[in-house]
Amino acid sequence: MATTYDAIVIGTGQAGPSLAVRLANSGMKVAVAERKRFGGTCVNNGCIPTKTLIASARAAHVARHAAEYGVNIGGSITLDMKKVKERKDAVVHRSNDGVEQWLKNTENLTVYEEHARFEDARRIRVGTEVLEAGKIFINVGGRASTPPLPGLDQIRYLNNSTMMEVDFLPEHLIVVGGSYVGLEFAQMYRRFGSQVTVVEMGKRLIQREDEDVSEAVKTILENEGIAIRLEAECISLKKHGDKFAVDVDCSSGDKAVFGSHVLLAVGRIPNTADLGLEKAGIKVDQRGYIIVDDQLRTNIDGIYALGDCNGRGAFTHTAYNDYEIVAANLLDGDQRRVSDRITAYALYTDPPLGRAGMSETEVRRSGRKALFGKRAMTRVGRAVEKGETQGFMKIVVDADTKAILGATLLGIECDEVIHSILDIMYAKAPYTVIQRAMHIHPTVSELIPTMLGDLKPLD
Ligand SMILES: Cc1cc2nc3c(=O)[nH]c(=O)nc-3n(C[C@H](O)[C@H](O)[C@H](O)COP(=O)(O)OP(=O)(O)OC[C@H]3O[C@@H](n4cnc5c(N)ncnc54)[C@H](O)[C@@H]3O)c2cc1C
């Protein structure tokens, strides 16, 4: 016998809990299934713990450079990695527990701490029970992918989840993968005091960014003593005494990198293979992402997919925005759509990269007439005062409509500054609105109007 609900939410990542509570508060009888830890990736082994660890790493970095600011600390800077992890665990626990209590204390909502699997398009098995509902919301997220690299099965390696248990300082961390997750860990561990090598298959780091961004981020990391091996097309791994060897056979440099620990950061895959989607007839694409329309509906009536598992975003804010879109359509009569949102994300290296809209490369490829502005952080007073002048800001504007097409800000505070541009883009206002705005001095943001006042045609 199935227990009947109005709605079932599978997964408690960044969309599921808010949606479940909204539905329950609207009077619906709601079931939520979570097979692991409440809060999903972001809370337990993604954004929150990594940014907490990055804060410890930055504290160490600032302390090491204190003398440059006239501050004498005396003695060498050492890390208590157990304390670093304890601090991270406390922050994670607060969030994770918050989500659990929120769900368990919401009226009309029942929590099942089980793996959920479709029996058919209306019924879900959770452990020994079967639940039934006319509306089912899939928010199962993703996990680190493990590519079939030669030798990987012979060694012990880390990924973003197992990194969360590390409470010691690796002597030499080899990070396989030179993109967002890998680079954040690379800089973090370098600042903790490890030797770090990043091994990347491609010709450059963070390949979805413009070439000048990849190059600048590489320089920033190399300036801190991180070794970077690009074009490592033939990565294989093996044990080498009590260490590990990663064969890279790159076009230049040593053929192998020897390290004490290996972190695999080579992309993510959706948690959709063990959901019984085929029993419900739900379609996925070639990479396993659930196919959804602009309002996050799957091909089966009444079934929606939100967050990383639908391949329409790979961030906490895109997953949360998915919840807002579904709730607006179902409960508010507000026809919000995925296509309404503007690309936005940050890379939390230090200095961070803030991105909004199209990159310079994408604008060039589009062939449209555009205006372009770029400013080195060495010309930003606030950055000079802080002694943190690495990076640059650049912006691309449509020459005809004056709409901002995109911005790439790599520099101190740029994960925050990008929002002044993002909000103008959402307001669909011309760039001249920001150009004429009076910003506060001294800030990084005050240079945005200056940069916009000095646009040149994008040749
Ligand atoms: C190291 C790292 C750093 C990151 N940093 C950032 C950042 O700074 N900013 C940012 O925006 N994004 C960041 N992300 C990405 C972000 O964490 C994800 O985009 C976000 O968590 C996606 O949320 P979600 O709701 O789609 O799924 P998830 O958070 O992955 O949650 C899915 C949940 O579903 C559960 N589940 C799965 N299958 C089942 C099942 N069959 N039955 C029951 N439960 C199930 C899982 O246990 C999990 O709890 C980072 C990711 C990583 C790995």
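Source: prediction; values computed, not measured. In listed order, ligands and their atoms are each counted from 1.
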Exercise for the section: Consider every N or O of Asn271 and every N or O of ligand 1, then say whether any pair is closer than 3.5 Å. Expected result: no
Exercise for the section: Under 4.0 Å from a heavy atom of Gly142: give me the atoms of ligand 1 that qualify, with their elements. Expected result: 30 (O)
Exercise for the section: State if Asn45 counts as touching ligand 1 under the rule of any non-hydrogen atom under 4.0 Å. Expected result: yes
Problem - Identified side chain to side chain contact (heavy atoms under 4.5 Å, CB included) partner of Val266 from the options Thr146, Leu149, Val176, Val175 - result: Val176
Practice task
Describe, in one word, how the ring planes of Phe315 and Tyr345 are oriented to each other, choosing from parallel (under 30°), tilted (30 to 60°) and perpendicular (over 60°).
Solution key: parallel
Completion exercise
Output for pair (Thr272 OG1, Ile290 CD1), nearest 0.5 Å, gives 6.0 Å
Exercise for the section: Any chance you could lay out the side-chain hydrogen bond (donor to acceptor under 3.5 Å, both in side chains) test for Gln390 and Asn223, step after step, and finish with the verdict? Expected result: CA-CA 10 Å; Gln390 297 188 99; Asn223 284 346; 3.0 Å; yes
Practice task
Using a strict cut-off of 4.0 Å, indicate which atoms of ligand 1 neighbour a heavy atom of Gly307.
Solution key: 26 (O)
Exercise for the section: Output yes when Arg229 and Glu200 qualify as a salt bridge under the 4.0 Å nitrogen-oxygen rule, no when they do not. Expected result: no
Completion exercise
Asn139 heavy atoms within 4.0 Å reach ligand 1 at atoms 24 (P), 25 (O), 26 (O), 32 (C), 33 (C), 34 (O)
Handout entry: Contact atoms of ligand 1, heavy-atom distance to Lys36 under 4.0 Å
Key = 47 (O)
Problem - Close N or O approach (Arg35, ligand 1; < 3.5 Å) - result: yes
Practice task
Give me the one residue out of Arg35, Arg143, Arg117 that meets salt bridge (Lys or Arg N to Asp or Glu O under 4.0 Å) with Asp274.
Solution key: Arg35
Completion exercise
Residue, atom and distance of the protein heavy atom nearest atom 8 (O) of ligand 1 read Lys51 NZ, 2.8 Å
Practice task
Using distance alone, decide if ligand 1 has a nitrogen or oxygen within less than 3.5 Å of any nitrogen or oxygen in Phe315.
Solution key: yes
Practice task
Record the part of Thr318 in heavy-atom contact with ligand 1 below 4.0 Å; permitted values are side chain, backbone, both and neither.
Solution key: neither
Problem - Test: Lys85 and Asp89 ion pair at under 4.0 Å - result: yes
Problem - Basic-acidic side-chain contact under 4.0 Å: Glu413, Arg382 - result: no
Exercise for the section: Indicate yes or no: does an N/O atom of Asp308 lie under 3.5 Å from an N/O atom of ligand 1? Expected result: yes
Completion exercise
of all protein heavy atoms, closest to atom 2 (C) of ligand 1 is Gly46 CA, 3.4 Å
Practice task
State plainly whether the residues Asp212 and Lys374 are in salt-bridge range, i.e. N to O under 4.0 Å.
Solution key: yes
Practice task
Answer yes when Glu388 and Arg58 have at least one side-chain N-carboxylate O distance shorter than 4.0 Å, and no when they do not.
Solution key: yes
Handout entry: Salt-bridge present (Arg268, Asp308; N to O < 4.0 Å)
Key = no
Fill in the blank from the handout: heavy-atom search around atom 11 (O) of ligand 1 in the protein gives Thr316 N, 2.9 Å
Practice task
Kindly confirm or rule out an N or O of Ala116 lying under 3.5 angstrom from an N or O of ligand 1.
Solution key: yes
Exercise for the section: Work out whether the distance between some heavy atom of Glu184 and some atom of ligand 1 is less than 4.0 Å. Expected result: no
Practice task
Determine yes or no for a side-chain-to-main-chain donor-acceptor pair under 3.5 angstrom, with Arg341 supplying the side chain and Thr318 the backbone.
Solution key: yes
Problem - Within-cut-off N or O pair, Leu306 and ligand 1, under 3.5 Å - result: no
Problem - Side-chain ion pair, Arg22 and Asp332, N-O less than 4.0 Å - result: yes
Handout entry: Under-4.0 Å heavy-atom contact with ligand 1, by part of Arg37 that carries it
Key = backbone
Problem - For Ala15, atoms of ligand 1 separated by under 4.0 Å from a heavy atom - result: 25 (O)
Practice task
Quick one: sort the His61 and His65 rings into parallel, tilted or perpendicular, breaks at 30° and 60°.
Solution key: tilted
Exercise for the section: Decide whether an N or O pair under 3.5 Å exists between Asp274 and ligand 1. Expected result: no
Practice task
Give yes or no for whether the N/O distance cutoff of 3.5 Å, strictly under, is met between Arg268 and ligand 1.
Solution key: no
Exercise for the section: Among all protein heavy atoms, pick out the one at the shortest distance from atom 31 (O) of ligand 1; state its residue, atom name and that distance to 0.1 Å. Expected result: Gly13 CA, 3.2 Å
Problem - Heavy atom of Glu114, distance to ligand 1 below 4.0 Å - result: yes
Exercise for the section: Output yes when the distance from some N or O of ligand 1 to some N or O of Ala314 is under 3.5 Å, and no in every other case. Expected result: yes
Practice task
Considering only non-hydrogen protein atoms, determine which one is nearest to atom 30 (O) of ligand 1 and report residue, atom name and distance to 0.1 Å.
Solution key: Thr41 OG1, 2.5 Å
Handout entry: Ion pair check, Arg37 and Glu100, cut-off under 4.0 Å
Key = no
Practice task
Under 4.0 Å from a heavy atom of Cys42: give me the atoms of ligand 1 that qualify, with their elements.
Solution key: 17 (O), 21 (O), 29 (O)
Handout entry: Lys/Arg N to Asp/Glu carboxylate O, Lys218 vs Glu222, below 4.0 Å
Key = yes
Practice task
Within a distance under 4.0 Å of any heavy atom of Asn160, pick out the atoms of ligand 1 and give their elements.
Solution key: 1 (C), 53 (C)
Handout entry: Minimum-distance protein heavy atom relative to atom 50 (C) of ligand 1
Key = Cys47 N, 4.0 Å
Completion exercise
Tyr348 heavy atoms within 4.0 Å reach ligand 1 at atoms 8 (O)
Practice task
Using only heavy-atom distances, determine whether the side chains of Asp322 and Asn310 contain a donor-acceptor pair under 3.5 Å.
Solution key: yes
Handout entry: Polar proximity ligand 1 side, Thr50 side, N/O cut 3.5 Å exclusive
Key = no
Practice task
May I ask you to identify the nearest protein heavy atom to atom 46 (C) of ligand 1, giving residue, atom name and distance to one decimal place in Å?
Solution key: Glu34 OE2, 3.4 Å
